[in-house]
Structure formats: structure tokens, C-alpha cells
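Working notes for the structure below.
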Amino acid sequence: MIDLKQLRENPEAFQASLSKRGKFDLSPILELDRQQRELEIERSQLQARSNEIGKLVGQKMKSGAKPDDPEIQALRDEGNQVKSQLSELEPKEKEIKAELESILLTIPNLPNETTPVGKDEEENVEVKRWGEEYLPKDSEGILPHWEIGEKLGILNFERSARIAQSRFVTLIGAGAALERALIQFMLDRQIAAGYTEVLPPILINTQSLTASGQLPKFAEESFKCEKDDLWLTPTAEVPITSLHRDEILAAEELPKYYCAYTPCFRREAGSYGRDTRGLIRLHQFNKVELYMFVRPEESETAHQKLLTDAEAILQALKLPYRVIELCTGDLGFSATKTYDLEVWLPSSDKYREISSCSNCKDFQARRGNIRFKEAGKKGTQFVHTLNGSGLAVGRTMSAILENYQQPDGTVKIPEALQPYLGREIL
RNA sequence: GGAGAGGUGGCAGAGUGGUCGAAUGCGCUCGACUUGAAAUCGAGUGUCCGAUGAGGACCGUGGGUUCGAAUCCCACCCUCUCCGCCA
């Protein structure tokens, strides 16, 4: 959530910043805010009088006055009058507050000053490439990963559609083992890099999705259990954001680095016909997520670490990738600055997103009311939160299958992964 | 699913209608004592709105009763214990 107080003081700057992302009209917010504050002043004055009356009656009763004493009767009458005035004001103020809140929740984060300005993914900026020496030399006979996988009998889509729907996969034998090995490999690396492993609930409530920014705007993207106010998590970012929701952390506890393996569930509404084959776009996939709670002054440095730690997995697996920085038009709702990692998929002759590393600054912290306090200092501050995939497991598997395929139809296992899988070749 | 208990400040835990935003203990901060530390003693210590003012809000959430609600009433949510079931 954007900072209403700052918006009030500096509306032009907010408007200018947001217009880099798209069209947003902030004037209804400012108007509602003005009305709300007016009502609040009026209301709290009435409440002050009401409190005063309450105290006066109490004092007089204590010093022996009878309840039907005219003086007390008069105060009671006034009290009733004040109450009826309040009962008119309160609902009005509540309504305005609720409306204000509901609009605020739909406003995305402000882009960072350093975020490249652009209208869509076409204008993202490539930051670097890595591992070009590992690119497959010969594109002759290169198969897409789903063909490799089905030939090896390690993944099956047809049967998965029978079990569930399209956009699901069943991993079989070495395929299941490879997935499991990748998860373990990624977690081990990230734990070594300083992250604490968590295994959160993957059914999560509406408040959690609101805190991280998936709701209210993107309800269509998540699966919901209608009976229970529970949703299937679209990414571990969501439960981990709420791990410290409504908490005031001690400053010494920061930074907090978490990594989490979870399945992720996405409805992929609006992507009909895109990536219909293979492991790239599924309703259910596995991911190892990195998440940070840091002090504001640390967040830019932390962002670099996050990126480095995600990259380290691709480097260890010797998978060629590039880093791009998202432009303002392609930035996710909660992010102020995002680097995507894109891994090379030779079958489509393209780099494909395998990780997205974002700094959300205080945006999620404000929505989730996640603060920290410095001992001896007055007041609290919002933490900064960052999240990044480290990495998407299914997409990693497809990259391995494609980049490590051999002319004889087998697939080599990256060296670093061999101890985890217990074999060198599929 | 059945029965019961309970949700109060960083934690524990008092508080059943009137200076209660809330006793007490622990923790924490500062100070004294000490060569230093521990122990002890003293002072302080919630959050939010608001202009670092006045004032207001907050004792699970939302309503209600009352001049006045942490305290009474209603609904909901959550947690715990026992039984059943179950991995």
C-alpha cells in the first residue's frame, strides 16, 4: 500500500511516479481522505464531550448524588444527545474509510527512481548474460523438454489431464526423483547462503493474499476453496509475508532471510493457448522461494544479494541465463524494482523466465502491518520486504532436459546435482 | 463430529459497570552500588490517528445495552483440553 500521509503531502510526485506504470487517478483518494479527516475531527470532539459527561456523572454519583438528581438527569440527556449525533457521524466515517481503504488496496507500488521507464515487456532492459560457453553448439535435432521427458518416460501430461486437467504434470521415476533432488539442492544452497528454511501452510486466508498484494485485484489468478476463506498459495511469497504480519520485530532481529519450498497454484486465467505444452506454465508447480525482511536502509543491498543467490543456482547447474530488469510497465503490482532471471531453452531458441527478484520496499509491510522497533527509540518503522525465486523447479527441470540432452536421446545430469540424484545420466 | 475452557500490553497474568490504557511479575532502557559482572535498589518502558499540540481510538472481531463497557447482552472468528475419527 502506498503511504497515504506522503501522498497527501506530495500528490504530484505520486501521480508522476505512478503514471510511469499506467493510468491511475489519485484524486478520489485525496478527496475521500479530506472528507474522512473532517469527519474524524468532528467525531473526536463529540467523543471528548461524551467522555467528559461520563466522568462528571461518575464523580457526582460517587459523592452521593442520586440517579434522579436533576443535575445528573441533565447530563444524561446531553449524553444521549451526543450519542445520537455520533450515531449519525460514525457510519458515514466508516463508510468513507472503507471506500478509501478499498481504493488504496488497488493502487500498485511506486516504481523505484532507477527503474527503467517503459510501457511493456518490450522495453525491459537486459543487464547481463552468463554461461554462453554452455549454450548447446548444435541446434540440429534439439527436442523440446516434453518430448525428451515423455521419451524417457519420466513425465506424463496425458494422464495428468485425466487425473486433474490440462496444465498438470505427473512426474514418474527419475522425473520425480529429479524434481525432489532439485528442491533439496536449491534448499541446501540457500540455507548455506544464510536463509532459514520454512515450510508454511499452502492453504492461506484472504488477509494473507491481501498483505502481499495478490488481492483484491488478482482474485482471478488464484484457486479458492469456497467454503473456507482459504486459497491455494500462488507462491510462497504470500504465506511468508504473513509470517510476521501484524508484528513489531526488534531491530536486532533484522535482517530475516527465509527460504521455502512450496507447491504453487495458479489459474493462469487469460493465458489460454500460451505455453500449452510442457512444464513452463502449469496450474501446479514447485518453487523454492527466497524472502527477506530488512531495514529500509539495507534493502537495495539485500536486493543484490537476492539476485546473486538466485543466480548461484543457475551457475552451479551451468545453465546459461540472462538477467533483465523489468521496466515500469512490466513491473509486478507490489514491486518497486525487479530483476528477472531468464534461462536458455534451446528448443524455443529463447530465454525464459525462471526467477523474479523484487524489492517491494515498505509496500507489503504497510499492507501487512509488519514493523520493527529500535530499542530506546520512539515509534516504529515499516520493514522492507523482498522476494525472489530461487528457483522455479519445473522450469529448472525443463532447462536441464533441454540444455543437457545428448544426441543419443539421453540427458546428462549437471555435476553439482549428481550427488543429489545418485546418477550421472537419464 | 460431541463436550468443556479461554482469547487482556514484548511475554506471563490480575481485573465482573465509573480517573482502567489497564495491578503485579518477567523482560527491556537509563541510573546508583561494584575493579568488572551478577545480585540488589531507584526511575522509565504499548500501538495507532492527529501538528512531536488539544483531543480521540485500541483489552479476539462486529453489533447492542448504558450518561459511562476490558467488565453486561448477541453474533462471529480463533486457540486450548477431553472424547470420537484419522496420517
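Letters A, B, ... are given to chains in the order of the sequence lines, protein chains preceding strands, and every chain is numbered from 1.
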Quick one: look up who [N] pairs with, Watson-Crick or G-U, both distances under 3.5 Å, and put none if it's unpaired.
N     : value
B/U24 : B/A12
B/G18 : B/C67
B/G7  : B/C77
B/C58 : B/G46
B/C85 : none
B/C33 : none

Please report, rounded to the nearest Å, how far the [atom2] atom of [N] is from the [atom1] atom of [X].
X      : N     : atom1 : atom2 : value
A/E52  : B/A54 : CD    : P     : 16 Å
A/E78  : B/G68 : CD    : P     : 12 Å
A/I53  : B/U19 : CD1   : P     : 17 Å
A/L4   : B/C49 : CG    : P     : 10 Å
A/D228 : B/C76 : CG    : C1'   : 15 Å
A/D77  : B/G68 : CG    : P     : 12 Å

Taking [M] as the reference, what is the distance to [N] when you measure between their [atom1] atoms (whole Å, please)?
N     : M     : atom1 : answer
B/G42 : B/C48 : P     : 31 Å
B/A38 : B/C11 : C1'   : 23 Å
B/A5  : B/C74 : P     : 14 Å
B/A23 : B/C77 : C1'   : 30 Å
B/A70 : B/G17 : P     : 13 Å
B/G64 : B/G18 : P     : 22 Å
B/G9  : B/G15 : C1'   : 14 Å
B/A87 : B/G4  : C1'   : 27 Å

Respond yes when some side-chain nitrogen or oxygen of [X] is under 4.0 Å from OP1 or OP2 of [N], and no when none is.
X      : N     : answer
A/R8   : B/G50 : yes
A/K5   : B/G50 : yes
A/K60  : B/G18 : no
A/T380 : B/C48 : yes

Check: residues 98-107 of chain A side-chain donor-acceptor pairs under 3.5 Å, at least two apart:
unit_1, atom_1, unit_2, atom_2, d
A/S102, OG, A/E99, O, 3.0
A/T106, OG1, A/I103, O, 2.6

(request) Report the relative orientation of the aromatic rings in A/F168 and A/H283; use parallel for angles under 30°, tilted for 30 to 60°, perpendicular for over 60°. (result) tilted
(message) Reading RNA chain B from 5' onward, which residue's closest nucleotide shows up sooner: A/R49 or A/Q381?
(response) A/Q381
(message) Both A/K373 and A/K55 contact RNA chain B. Which one's nearest nucleotide lies toward the 5' end?
(response) A/K55
(request) For nucleotides 57-66 of chain B, just jot down a letter per nucleotide in 5' to 3' order: B, S or -, based on protein non-hydrogen atoms under 4.0 Å. (result) S-----S--B
(request) Run the salt-bridge test on A/E268 and A/R266 with the 4.0 Å N-O cut-off and return the result as yes or no. (result) no
(request) Before accepting this row, confirm whether a basic side-chain N of the pair A/R267/A/E220 lies closer than 4.0 Å to the acidic partner's carboxylate O. (result) yes
(request) Verify the ring-centre separation between A/F363 and A/H384: is it less than 6.0 angstrom? (result) no
(message) Would you say the ring centers of A/Y404 and A/H145 fall short of 6.0 Å from each other?
(response) no
(request) Give every residue pair that meets the ring pair (Phe, Tyr, Trp, His ring centres under 6.0 Å) criterion with at least one member in residues 51-88 of chain A, sequence neighbours excluded. (result) none
(message) Suppose the criterion is ring pair (Phe, Tyr, Trp, His ring centres under 6.0 Å): which pairs have a residue in residues 185-214 of chain A, not counting sequence neighbours?
(response) A/F185-A/Y420, A/Y195-A/Y257
(request) Applying side-chain hydrogen bond (donor to acceptor under 3.5 Å, both in side chains) between A/K337 and each of A/T114, A/T328, A/N112, A/N109, report the one that passes. (result) A/T114
(request) Enter the distance from A/I2:CD1 to A/R367:CZ here, rounded to the nearest 0.5 Å. (result) 10.5 Å
(message) Just to be sure I understand the geometry, which residues of residues 33-41 of chain A put a non-hydrogen atom under 4.0 Å away from RNA chain B?
(response) A/R37, A/E40
(message) Closest approach to the side chain of A/I248, judged atom by atom: which nucleotide of B/C67, B/G56, B/U47 is it?
(response) B/U47
(message) Taking salt bridge (Lys or Arg N to Asp or Glu O under 4.0 Å) as the definition, give me every residue that meets it alongside A/E95, ordered by chain and number, with sequence neighbours left out.
(response) none
